[in-house]
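For reference, the structure discussed in these notes is given below.
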Amino acid sequence: MRPTARDLRPLLTPLIRDVPDFPLPGVTYKDICPLLADHAGFSAVVEELSKLGRGGSGEVSIDKVAGVEARGFMLACPVALLLGVGFVPVRKAGKLPGATYQQSYALEYGEATLEVQSDAFLAGDRVLVVDDVLATGGTLDATTALVARSGAEVATVGVLVELGFLAGRERLGHLDLHALMTV
C-alpha cells in the first residue's frame, strides 16, 4: 500500500495554464511551464509522483522510471533521482541511437510513433511510467506496450493532469493509474 496522496489541486490549478487553439484549432493545451518555474509547486509534484514508486513502508518498489517525451521527461527525471533509480526516456521516432522498439498510436489530433532503446530495461524490471497529461490514453498505451515488449513490467503510471472528459482512463483500465489532478 502506497502513502496516501494529498490534494494538490489548490496548489496546481493556478500553475497550469490553458492555452486555447494550441497546437491546433480546437485543442486546449495544458501549459505546465508556470508549474516548472515554481519551486513549491514543482517540488510537491515530484514528491507526490515519487510516492508511486514506494511501498507502504516507504521502501522503493520500482527499478526504473520511464518518462514520455517531452514534458514527461521534466517530471520523471527528478522522480527517478529522488527514488534512487534509473531514468529511461521514451522518445519520438528517430531520436534515439542504436536498436529500438517502436510503437505507433493515434493522438487526439494526429498520429505518432514512440520508441525506447531495446536495452533500456532489464527483464523483470518494475517500471513507474510518468507523463504530464492523460488525454485519450494513446501515448500511455503505446508507452506501456514498449515497456512490456522490453521484458519489463509497468508497476504503475503517474500523470500530472488527467483530462477526464476524454476518457483515456477507460482505455488504460488494466493499469494502476494515478493522476495528481483531474479536469
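How far CG of Leu163 is from CG of Leu134: 7.0 Å, rounded to the nearest 0.5 Å. Within the model, atoms CD of Gln103 and OG1 of Thr144 stand 8.5 Å from one another, a figure rounded to the nearest 0.5 Å. Taking CG of Leu36 as the start and CE of Met74 as the end, the distance is 6.0 Å to the nearest 0.5 Å. Within the model, atoms CE of Met181 and NZ of Lys30 stand 6.5 Å from one another, a figure rounded to the nearest 0.5 Å. Here Asp7 contributes atom CG and Glu48 contributes atom CD; the two are 9.5 Å apart, rounded to the nearest 0.5 Å. The structure places OG of Ser43 at 9.5 Å from CG of Leu82, a figure rounded to the nearest 0.5 Å.
Scanning for side chain to side chain donor-acceptor pair (under 3.5 Å) contacts around Glu69 gives Arg91, with sequence neighbours left out. Partners of Asp125 by salt bridge (charged side-chain N to carboxylate O under 4.0 Å, His left out), not counting sequence neighbours, listed by chain and number: Lys64. Taking the salt bridge (charged side-chain N to carboxylate O under 4.0 Å, His left out) definition, one finds that Arg149 meets it with nothing, sequence neighbours left out.
A cation-pi contact, defined as under 6.0 Å to the ring centre and within 45° of the axis, is absent between Arg171 and Tyr105.
Put simply, Phe165 and Phe22 are part of two different groups of oily side chains (I, L, V, M, F, W, Y) that touch within less than 4.5 Å, one to the next. Linking Ile, Leu, Val, Met, Phe, Trp and Tyr whenever their side-chain heavy atoms come within less than 4.5 Å leaves Phe87 and Val147 in two separate clusters. Criterion: ILVMFWY side-chain heavy atoms under 4.5 Å apart, direct or through other members. Under it, Phe121 and Leu96 are not part of a common hydrophobic cluster. A single hydrophobic cluster is not seen to contain both Leu52 and Phe73; linkage of ILVMFWY side chains at heavy-atom distances under 4.5 Å, directly or through other members, places them apart.
Using a distance-only test at 3.5 Å, with no hydrogens or angles considered, no donor-acceptor pair links the side chain of Arg17 to the main chain of Leu35. Side-chain atoms of Asp21 come within 3.5 Å of backbone atoms of Gly26 as a donor-acceptor pair (strictly under, hydrogens ignored). Remark: side-chain polar atoms of Thr13 are not paired, donor with acceptor, to backbone N or O of Pro10 under 3.5 angstrom. At least one donor-acceptor pair closer than 3.5 Å links the side chain of Ser61 to the backbone N or O of Gly53.
Side chains of Leu128 and Leu83 form a contact here, defined as non-hydrogen atoms less than 4.5 Å apart. Using a 4.5 Å heavy-atom cutoff, the side chains of His178 and Thr156 are in contact. Contact of the Val60 side chain with the Arg126 side chain is not registered, since no non-hydrogen atoms from C-beta on lie closer than 4.5 Å. Inter-residue side-chain proximity for Gln102 and Thr100 is flagged as met; some heavy-atom pair is nearer than 4.5 Å. In this structure, the side chains of Val129 and Asp131 stay at 4.5 Å or more apart for every pair of heavy atoms. Between Leu122 and Asp63 there is no side-chain heavy-atom pair separated by less than 4.5 Å. The closest side-chain heavy-atom distance from Leu172 to Asp141 is below 4.5 Å. Considering only heavy atoms from C-beta on, Val159 comes within 4.5 Å of Leu140 through its side chain.
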**Q.** Step-by-step side-chain contact (heavy atoms from CB on, under 4.5 Å) determination, Leu12 to Leu160
**A.** CA-CA 9 Å; Leu12 298 180; Leu160 175 60; 3.9 Å; yes
Q.
Between Thr143 and Val157, does the side-chain contact (heavy atoms from CB on, under 4.5 Å) criterion hold? Intermediate values first, please.
A. CA-CA 10 Å; Thr143 299; Val157 176; over 6 Å; no
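Closest heavy-atom contact between Asp31 and Cys33: OD1-N, 3.0 Å. Nearest heavy atom pair, residue Thr136 against residue Ala106, reads OG1-O, 4.3 Å. What you find for Ala40 and Leu11 is that their closest heavy atoms are O-CD2, 4.1 Å. Shortest non-hydrogen contact noted between Ala152 and Val127 is CB-CG2, 3.9 Å. Closest approach of Ala80 and Gly86 over heavy atoms only: CB-O, 3.9 Å. The shortest non-hydrogen separation linking Ala155 to Ile62 is CB-CG2, 4.1 Å.
Atom CD of Glu170 has 12 or fewer heavy atoms from other residues, nucleotides or ligands within 6.0 Å. By the neighbour-count criterion of 12 heavy atoms within 6.0 Å, atom NE2 of His174 is densely surrounded, having more than that number from other residues, nucleotides or ligands.
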